[in-house]
Asks: 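First, the structure itself, so that you have it in front of you.
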Amino acid sequence: MEGNQYRDAAGRIVEAVGKDNILSATHCATRLRLIVKDKERIDEKKLQEIGMVKGTFFNAGQYQIILGTGIVNKVYGEMVGLGLNTLSKQEQDELVKNQQKGVKRMMRMLGDIFIPIIPVIAATGLFLGLKGCVFNDNVLGLLGLSASIIPDYVVTLVNVLTETAFAFLPALICWSAFKVFGGTPVIGLVIGLMLVSPSLPNAYAVATPGSGVEAVMAFSRIPIVGCQGSVLTAILAAFLGASMEKS
């Protein structure tokens with residue numbers, strides 16, 4: 001009887017969405033995730049009449065039907081038996097990504113690049129805030145102390161902790177972007193490190209009046225400096241590098 005219940009729900013869901021309207025189907029822990037040809041063809045009223053369906057919504061190119069933990073996998077198993085085109089979650093996410101165009105595709109791409117490095121940037125930002133408080137003369141003055149009592153080696157080690165991620169940010173971005181563009185990540189990391197190589201004049205120093213640091217002039221016309229803090233340059237370098245690798 002229980003098997004018939006899930007089989008009936010699967011059949012009614014397919015009927016409401018339209019079997020020929022479903023391009024692919026997969027599921028996560030609680031939801032069926034369908035890619036459909038035309039969401040306007042979905043009969044929402046019929047879906048709401050199915051007792052197992054707790055809700056529906058359309059997000060990121062997928063029509064998602066909420067069934068609940070322990071139910072969704074059984075209903076999905078019955079749907080597979082109906083001859084639907086099924087994909088793994090990863091394959092369907094890739095299909096959705098490839099279908100997106102214009103601004104949505106660009107925003108998805110930027111999200112895929114920056115999400116892996118957000119924890120590093122967030123942690124570094126917290127350490128910077130903590131450093132600003134601990135090394136502040138006004139804060140230390142409340143304890144009758146001053147920043148001058150902090151040993152130089154402590155200052156150096158703290159600077160390494162708080163400045164490394166931002167100093168090598170183009171390398172992190174290039175590494176992540178290479179993965180997104182289908183290249184070998186370690187190649188992206190090396191290219192990113194080249195962008196901030198100590199052999200190149202530091203971009204911040206070049207931009208600081210009176211620093212005495214000047215750009216290297218290529219062909220007496222083109223100024224060359226490091227790409228410290230440059231996001232777009234790192235993404236462009238990764239795109240070109242990954243494209244050359246794949247070709």
Side-chain angles (χ1 to χ4, degrees), residues 1-119 175-188 238-239 242-243 245-247:
M1 178 67 72
E2 185 175 293
N4 292 336
Q5 181 183 8
Y6 297 120
R7 192 175 305 115
D8 177 65
R12 293 174 66 185
I13 289 173
V14 171
E15 180 183 357
V17 178
K19 184 174 182 179
D20 62 334
N21 192 34
I22 300 174
L23 293 175
S24 71
T26 187
H27 73 92
C28 58
T30 60
R31 292 160 288 160
L32 287 173
R33 297 164 53 136
L34 311 177
I35 295 180
V36 298
K37 296 178 183 177
D38 183 4
K39 63 180 181 180
E40 300 300 327
R41 291 176 55 187
I42 299 173
D43 192 331
E44 294 281 355
K45 186 176 180 181
K46 281 188 176 181
L47 284 173
Q48 293 171 4
E49 293 173 351
I50 302 173
M52 293 185 185
V53 174
K54 306 299 189 297
T56 62
F57 62 94
F58 194 84
N59 182 52
Q62 295 175 324
Y63 185 70
Q64 303 192 23
I65 302 174
I66 304 171
L67 297 176
T69 306
I71 298 177
V72 64
N73 56 312
K74 295 178 181 179
V75 173
Y76 176 78
E78 295 293 342
M79 290 177 66
V80 171
L82 298 176
L84 295 179
N85 181 31
T86 58
L87 298 172
S88 68
K89 181 178 179 296
Q90 183 177 0
E91 290 172 331
Q92 193 172 81
D93 287 342
E94 189 66 26
L95 178 60
V96 171
K97 187 189 303 183
N98 292 334
Q99 286 182 337
Q100 291 177 337
K101 298 179 180 179
V103 176
K104 284 187 176 181
R105 186 182 183 91
M106 183 183 300
M107 295 304 294
R108 176 68 177 261
M109 178 194 71
L110 291 175
D112 290 342
I113 291 173
F114 285 102
I115 286 175
I117 64 178
I118 284 177
W175 162 78
S176 183
F178 243 75
K179 291 199 299 182
V180 172
F181 295 135
T184 304
V186 70
I187 297 178
F239 175 75
S243 298
E245 181 188 356
K246 290 188 292 184
S247 63

Asks: Between Ile13 and Glu78, does the side-chain contact (heavy atoms from CB on, under 4.5 Å) criterion hold? Intermediate values first, please.
Replies: CA-CA 11 Å; Ile13 289 173; Glu78 295 293 342; over 6 Å; no
Asks: Run the side chain to side chain donor-acceptor pair (under 3.5 Å) test against Asp38 and tell me which residues pass, sequence neighbours left out.
Replies: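 None.
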Asks: Checking side-chain contact (heavy atoms from CB on, under 4.5 Å) against Ile65, which of Val72, Val75, Leu32 comes through?
Replies: Leu32
Asks: Go through the structure and list residues passing salt bridge (Lys or Arg N to Asp or Glu O under 4.0 Å) with Glu49, not counting sequence neighbours.
Replies: none
Asks: In Å, rounded to the nearest 0.5 Å, how long is the span from NZ of Lys37 to CG of Asp20?
Replies: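 Result: 5.5 Å between the selected atoms.
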Asks: Kindly determine whether Tyr63 and Leu47 satisfy side-chain contact (heavy atoms from CB on, under 4.5 Å), including the steps that lead there.
Replies: CA-CA 12 Å; Tyr63 185 70; Leu47 284 173; 3.1 Å; yes
Asks: How many angstroms lie between atom CG of Asn21 and atom CD of Glu40, to the nearest 0.5 angstrom?
Replies: 10.5 Å
Asks: Using the side chain to side chain donor-acceptor pair (under 3.5 Å) criterion, which residues pair with Glu245? Sequence neighbours excluded.
Replies: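 Applying side chain to side chain donor-acceptor pair (under 3.5 Å) to Glu245 gives Thr184.
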Asks: Consider side chain to side chain donor-acceptor pair (under 3.5 Å). Of Glu44, Gln48, Arg31, which one does Thr56 pass it with?
Replies: Glu44
Asks: Verify side-chain contact (heavy atoms from CB on, under 4.5 Å) between Asn4 and Arg7, making sure each step is shown before the conclusion.
Replies: CA-CA 5 Å; Asn4 292 336; Arg7 192 175 305 115; 2.5 Å; yes
Asks: For Arg12, enumerate each residue passing the side chain to side chain donor-acceptor pair (under 3.5 Å) test, keeping only those at least two apart in sequence or located in another chain.
Replies: none
Asks: Side-chain contact, heavy-atom cut-off 4.5 Å: Val180 with Met109?
Replies: yes
Asks: Among residues at least two apart in sequence or on other chains, which ones pass salt bridge (Lys or Arg N to Asp or Glu O under 4.0 Å) with Lys46?
Replies: Glu15
Asks: Would the number of heavy atoms belonging to other residues, nucleotides or ligands and lying under 6.0 Å from CZ of Phe239 be above 12?
Replies: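 No, the 6.0 Å shell around CZ holds no more than 12 heavy atoms from other groups.
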Asks: Minimum heavy-atom separation for Tyr6 and Ile71, please, with both atom names.
Replies: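 Residues Tyr6 and Ile71, closest heavy atoms: CE2-CG2, 4.0 Å.
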Asks: I need the minimum non-hydrogen distance between Lys54 and Leu67, along with the two atoms involved.
Replies: NZ-O, 3.6 Å
Asks: Who passes side-chain contact (heavy atoms from CB on, under 4.5 Å) against Val14, sequence neighbours left out?
Replies: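 Partners of Val14 by the side-chain contact (heavy atoms from CB on, under 4.5 Å) criterion, ordered by chain and then number, come out as Lys19, Met79, Leu82, Leu84.
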Asks: Who are the side chain to side chain donor-acceptor pair (under 3.5 Å) partners of Thr30, not counting sequence neighbours?
Replies: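 Side chain to side chain donor-acceptor pair (under 3.5 Å) check on Thr30 returns nothing, list empty.
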Asks: Ala238: what forms a side-chain contact (heavy atoms from CB on, under 4.5 Å) with it, not counting sequence neighbours?
Replies: Cys174, Ala177, Phe178, Phe181
Asks: Can Lys74 and Gln5 be said to form a side-chain contact (heavy atoms from CB on, under 4.5 Å), step by step?
Replies: CA-CA 10 Å; Lys74 295 178 181 179; Gln5 181 183 8; over 6 Å; no
